[in-house]
Amino acid sequence: QVQLVESGGGLVQAGGSLRLSCAASGRTFTLYTMAWFRQAPGKEREFVAVIDWSGSNTNYADSVKGRFTISRENAKNTMYLQMNTLKPEDTAVYYCAATGGSPSSSKDWYNYWGQGTQVTVSS
């Protein structure tokens, strides 16, 4: 089992940047594929980005491609999401998630979730 804690959310103006972190504890971090999802008020939780155990393979939602970068530091048991050129439509609660399986954009594939961190982008 793994426990996940997100941090780094906040309020930022459109065009600005934020970096989210997801700290993992419990079982060996490198066993897990890690991902970011987000959920805006009244909307379904949606996929943002995923990274495999090694950090070599990543995938992004079309809406964030070219603006967001997912990465991980296995030695620190931490995953990151660098968010640049933020837009008001990026406003949501951002969740990190983990699975022992291969990378997927489906939220149903992930067994472990953090509590979420709020990102608000003002226009």
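Side-chain atoms are counted along with the backbone in the values below, which use heavy atoms only and exclude waters and symmetry mates.
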J.: Tell me every residue that passes side-chain contact (heavy atoms from CB on, under 4.5 Å) with Asn84, counting only those two or more places apart in sequence or in another chain.
T.: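 Once residues adjacent in sequence are excluded, the partners of Asn84 under the side-chain contact (heavy atoms from CB on, under 4.5 Å) criterion are Ser17, Gln82.
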J.: Should side-chain heavy atoms under 4.5 Å link Ile, Leu, Val, Met, Phe, Trp and Tyr, which residues sit in the same cluster as Val93?
T.: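 ILVMFWY cluster around Val93 also holds Phe37, Phe47, Val50, Tyr95, Trp109, Tyr110, Trp113.
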J.: Do any pairs count as a salt bridge (Lys or Arg N to Asp or Glu O under 4.0 Å) and have a residue in residues 74-87, sequence neighbours left out, and if so which ones?
T.: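 Those involving residues 74-87 are Glu73-Lys76.
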J.: Keeping to residues at least two apart or across chains, list the side-chain hydrogen bond (donor to acceptor under 3.5 Å, both in side chains) pairs with something in residues 40-52.
T.: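 Qualifying pairs: Arg38-Glu46, Gln39-Arg45, Asp52-Ser54, Asp52-Asn57.
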J.: Other hydrophobic cluster members with Trp53, side-chain heavy atoms of Ile/Leu/Val/Met/Phe/Trp/Tyr under 4.5 Å, chained?
T.: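 ILVMFWY cluster around Trp53 holds nothing else.
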J.: So, Thr33 side chain and Gly101 main chain: donor-acceptor pair closer than 3.5 Å or not?
T.: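 Yes; judged by distance alone, with no hydrogens or angles, the pair exists.
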J.: Partners of Ser122 by side-chain contact (heavy atoms from CB on, under 4.5 Å), sequence neighbours excluded?
T.: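 Ser122 satisfies side-chain contact (heavy atoms from CB on, under 4.5 Å) with Leu11, Gln13 once adjacent residues are dropped.
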J.: Side-chain heavy atoms under 4.5 Å apart, restricted to Ile/Leu/Val/Met/Phe/Trp/Tyr: what other residues fall into the cluster of Leu4, or is it alone?
T.: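 Val2, Val12, Leu18, Leu20, Phe29, Leu31, Tyr32, Met34, Trp36, Val48, Ile51, Tyr60, Val64, Phe68, Ile70, Met79, Leu81, Met83, Leu86, Tyr94, Tyr112, Val119, Val121, all in the cluster of Leu4.
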J.: Just grab all the disulfide bond (SG atoms under 2.5 Å apart) pairs involving residues 10-103, residues at least two apart or on different chains.
T.: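 Sorted result for residues 10-103: Cys22-Cys96.
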J.: According to salt bridge (charged side-chain N to carboxylate O under 4.0 Å, His left out), who are the partners of Asp62, at least two apart in sequence or on a separate chain?
T.: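 In terms of salt bridge (charged side-chain N to carboxylate O under 4.0 Å, His left out), with neighbours along the sequence ignored, Asp62 is linked to Lys65.
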J.: Any side-chain to backbone donor/acceptor pair from Thr28 onto Thr30? Under 3.5 Å, distance only.
T.: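 Judged by distance alone, no pair lies under 3.5 Å.
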J.: Suppose we screen for side-chain contact (heavy atoms from CB on, under 4.5 Å). Which residues come up paired with Gln115, at least two apart in sequence or across chains?
T.: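 Gln115 satisfies side-chain contact (heavy atoms from CB on, under 4.5 Å) with Val5, Glu6 once adjacent residues are dropped.
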J.: Among all residues two or more places apart in sequence or in another chain, which pass the salt bridge (charged side-chain N to carboxylate O under 4.0 Å, His left out) test with Arg67?
T.: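 Result, salt bridge (charged side-chain N to carboxylate O under 4.0 Å, His left out) vs Arg67: Asp90.
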J.: What are the two closest heavy atoms between Ala14 and Ser123, and how far apart are they?
T.: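 That would be CB-CA, 4.3 Å.
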